[in-house]
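Side chains are part of it too, since the values below use all heavy atoms of this structure and drop only hydrogens, waters and symmetry mates. Chain A is the first sequence line, chain B the second, and so forth, proteins listed ahead of strands; every chain is numbered from 1.
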Amino acid sequence: MEIMIEFPDGSRKAYPKNSTVMDIAESISHGLAKEIVTASINEKLVDLDHQIKEDAKIKLFKFDSPEGKNVYWHSSAHLMAQAVKQLFPEVKVAIGPAIENGFYYDFDKEVPFTDADLEKIEQRMKELAKQDEKYIRHSISKAEAIQKFEKMDENYKVELLQDMSADEEISFYTQGDFVDLCRGPHLPTTSKIKAIKLLKTSGAYWRGDEKNKMLQRIYGITFPSKKMLKKYLHDLEEAKKRDHRKIGKELDIYSISDEIGPGLVLWHPNGALMRSIIEDYWKKRHFKEGYELVATPHIGKAELWKTSGHLGFYDESMYSSIDVDEKKYYLKPMNCPFHIAIYQSQKRSYRELPIKYAEMGTVYRYEKSGALHGLMRVRGFTQDDAHIICTPEQLDEEIEKTLLFSLDMLKAFGFEKFEIFLSTMPEKAVGERDDWEKASRSLEKALQKNQIDFELDEGGGAFYGPKIDIKIKDALNRSWQCSTIQFDFNLPARFGMEYIGEDNNSHRPFMVHRALLGSVERFFGTLIEYHAGNFPLWLCPVQVKVLPISDQYLDHAKKINASLLANEIRSKVDLKNEKIGYKIREAEMMKIPYMFIVGQKEVEAKTVSVRKHQQGDLGSFGLEEMIARIKKQIENKV
RNA sequence: GCUGGGAUAGCUCAGAUGGUAGAGCAACUGAUUCGUAAUCAGUAGGUCGGAGGUUCGAAUCCUCUUUCCAGCACCA
């Protein structure tokens, strides 16, 4: 008997009935058979020894696919659990999935794992991998499974089983002496795992709930080749070098001081200068897009935050109240209520809409101590906030404009790759279903019309409205949250916002809350990590450093500096009594884009020797020519 | 907030088993006046995160506390 197998390219081929996935891979090429990790039969992932009983569509996955990685790392998690059980028999296993980069496994162990334990476990894993144990699948009933794992005293597995429905097929996998409840699929044998590295341990709550017991988690990663592991570890090192906290200190951009308070940022002159450049550009662009600038206070009365609902929803992450004249005031966690108050200071007509209020608004949120992280998570930060208040008819146009504005703005900062998410109505939500529909469609239309790829996060919206989030992708394939465009059905209703329509009746406007950069602090952190501190020229606090060969040419250097400054190029002279090599090294380390070196030769020829950061000597140029070139580059934001 | 690990000069870090703190860089002074990633010499700089305790004696041991790091949880 034969069955027809269809491949992803649409081609079909007959195979004997009960051929395994491996047989099919082998029939294509031996090389493929060696590399294949998993496969899908009619879109369902299966083991490689899975026998195919009828006509089917097949897809073969190697490690380089997301499916392949997932299976590979999941099997690695089992291998790690096996090693742990052998070394620490008293430990109970919880869960161990594959994650974006590698895998983890949670264990219940009284004493946390030490670094030395990790090494032992890693070593044992390597030995076990070499033993070439097969991963074998077994199916049993739920009752049998519960009995089996109860006998093994694996109460976490039993708990997982109890939550499964009775008609679900229960499977477990064994490799050597290790048994684990698991849906699969898995690698054929442990020997496929060639390079192993356990990375870190940490506490993690059972089932991710902070009310539950804290278990011990071990993170690890594995690869089919040592080379791949080496590259991965190298990238980790690279990420460390780009850490915005490290570069922020080295380039003297900001600091956070214990005396002032955790999560409160001090912007040093370099950082403050860059912020003001960012803000100036931001304002210019917003005026062009028809936004009006507003400015609002840092605190507001309790009643306001009751009306807005913040005291109800976010009480725990608001700074506690300030009591004045027997009234309670709160530091603002958001700008919206103030913008709404400005809207409501007059009766509004449909003729005025859309109204777009923008503000670099500094807000304060009490973030839990463990959440704080450099500039990325802070307690006081500035949102590049704006509220678009419009009629239902204006919705589509305004959303599209905002989306394109946002992407265009981000590109000016050198960002090129984005990840875009559309999040729709969650289970708990306020507002009319119709409005949610209309708003979600509007967001989707804007994306589709402009052929922007996005991922749908069904049910992932905030309780008050659907949203589009834009994340930046960097060279190390990391993503950074930036823009957010969010509908708000909550606040317009709570504050009773209205406008008078053409029909002389009052209507509720739509309100869209949006931030393009997100928070200036986090955006800055992202800028640093993305560019590794090598900022685009137009943002650099010092664009040119003039380096005299010796003190004799100091006056000449100062003259050049003055012409640069006169041309609005940010420039400084190195006044140190040092050799040119020293001055260059220092300027290179400060990541200054251009170095102008001047000595006897340049004085005579009326030129400057130009050195570019990370590139080296570019040769001699006339000063005027260089000024024009740099001005152009600043202008074009290259 | 939870689990674990840290905090020593402006920065990066060294200081087994308790005996009263050290290097490199930076800073300052002097010499040198130099051609594309560190010139030489000297000077100064620390109540070892803070508060208690144990001890004849604490950077080192104990308790509490502040804060940082990794992960978890959280993120309007």
**OP:** Describe the nucleic acid contact of Arg611(A) in one word from base, sugar-phosphate, nothing, applying a heavy-atom distance below 4.0 Å.
**Re:** base

Subject >> Short side-chain N/O contact to U3(B) OP1/OP2 from Ser202(A), under 4.0 Å >> reply: no

**OP:** Compare the minimum distances between each of C34(B), A76(B), C72(B) and the side chain of Met214(A), then state the nucleotide with the smallest one.
**Re:** C72(B)

**OP:** Respond yes when some side-chain nitrogen or oxygen of Lys576(A) is under 4.0 Å from OP1 or OP2 of A27(B), and no when none is.
**Re:** yes

**OP:** Indicate the ring-plane relationship of Trp206(A) and Tyr156(A), choosing parallel, tilted or perpendicular according to the 30° and 60° boundaries.
**Re:** perpendicular

**OP:** Using Watson-Crick or G-U wobble geometry with both distances below 3.5 Å, tell me the partner of A21(B), or none.
**Re:** none

Original post:
Looking at Lys249(A), does any N or O in its side chain come under 4.0 Å of the phosphate oxygens OP1/OP2 on U12(B)?
Top reply: yes

**OP:** Could you work out the separation of A9(B) and G15(B) based on their P atoms and round it to a whole Å?
**Re:** 15 Å

Original post:
Mind checking the P distance from A16(B) to G6(B)? Whole angstroms is fine.
Top reply: 15 Å

**OP:** Give Tyr219(A) one of three labels, base, sugar-phosphate or nothing, depending on what nucleic acid heavy atoms sit under 4.0 Å from its own.
**Re:** sugar-phosphate

Original post:
So what does Glu316(A) touch, heavy atoms closer than 4.0 Å: a base, only the sugar-phosphate, or nothing?
Top reply: nothing

Original post:
Using a cut-off of 4.0 Å on non-hydrogen atoms, how would the nucleic acid contact of Glu250(A) be classed: base, sugar-phosphate, or nothing?
Top reply: nothing

Subject >> Base partner of U63(B), which must satisfy Watson-Crick or wobble distances under 3.5 Å >> reply: A51(B)

**OP:** Indicate, with a heavy-atom threshold strictly under 4.0 Å, whether Lys368(A) touches base, sugar-phosphate, or nothing.
**Re:** base

**OP:** Count the heavy atoms of every other residue, nucleotide or ligand shown that sit under 6.0 Å from CD of Glu625(A), and state whether that count exceeds 12.
**Re:** yes

Subject >> Sugar-phosphate only, base, or nothing, as touched by Ile549(A) at under 4.0 Å among non-hydrogen atoms >> reply: base

Original post:
If you take atom types as modelled and just measure distance, does the side chain of Thr201(A) reach the base of A70(B) with a donor-acceptor pair under 3.5 Å?
Top reply: no

Original post:
Contact class for Arg245(A) vs. all strands (heavy atom < 4.0 Å): base, sugar-phosphate, or nothing?
Top reply: sugar-phosphate

Original post:
Does any nucleotide pair with C2(B) by Watson-Crick or G-U wobble geometry, both distances under 3.5 Å, and what is it?
Top reply: G71(B)

**OP:** Take the angle between the ring planes of Phe463(A) and Tyr314(A) and call it parallel below 30°, perpendicular above 60°, tilted in between.
**Re:** tilted

**OP:** In whole angstrom, give me the gap between the P atoms of C62(B) and U54(B).
**Re:** 15 Å

Original post:
A76(B), U3(B), A26(B): which one has an atom nearest the side-chain heavy atoms of Gln216(A)?
Top reply: U3(B)

**OP:** Using a 4.0 Å heavy-atom cut-off across all strands, classify Lys211(A) as base, sugar-phosphate, or nothing.
**Re:** nothing

Original post:
Looking across every strand, which nucleic acid part, if any, lies under 4.0 Å from Gly616(A) by heavy atom: base, sugar-phosphate, or nothing?
Top reply: nothing

**OP:** Would you classify Asp258(A) as touching base, sugar-phosphate or nothing, given that sugar-phosphate means primed atoms plus P, OP1 and OP2, and contacts are heavy atoms under 4.0 Å?
**Re:** sugar-phosphate

**OP:** Determine the interplanar angle of the Trp305(A) and His310(A) rings, folded into 0 to 90°, and report it as parallel if under 30°, tilted if 30 to 60°, perpendicular if over 60°.
**Re:** perpendicular

**OP:** Pick base, sugar-phosphate or nothing for Tyr205(A), based on heavy-atom distances below 4.0 Å to the nucleic acid.
**Re:** base

Original post:
According to the Watson-Crick and G-U wobble definitions, with both distances under 3.5 Å, which nucleotide is paired to A31(B)?
Top reply: U39(B)

**OP:** Tell whether Arg365(A) reaches the base of C74(B) with its side chain through a donor-acceptor pair below 3.5 angstrom.
**Re:** no

Original post:
Has Lys591(A) got more than 12 heavy atoms of other residues, nucleotides or ligands less than 6.0 Å from its NZ?
Top reply: yes

Original post:
His373(A) near the nucleic acid: base, sugar-phosphate alone, or nothing, with a heavy-atom cut-off under 4.0 Å?
Top reply: sugar-phosphate

Original post:
When the ring centroid of Phe415(A) is compared with that of Tyr530(A), is the distance short of 6.0 Å?
Top reply: yes

Original post:
Can a donor-acceptor pair be found between the side chains of Tyr594(A) and Gln543(A) at a distance below 3.5 Å?
Top reply: no

**OP:** Tell me what Tyr464(A) touches on the nucleic acid: a base, only sugar-phosphate, or nothing, going by heavy atoms under 4.0 Å.
**Re:** sugar-phosphate

Original post:
Under 4.0 angstrom, heavy atoms only, what part of the nucleic acid is Ser609(A) near: base, sugar-phosphate, or nothing?
Top reply: base

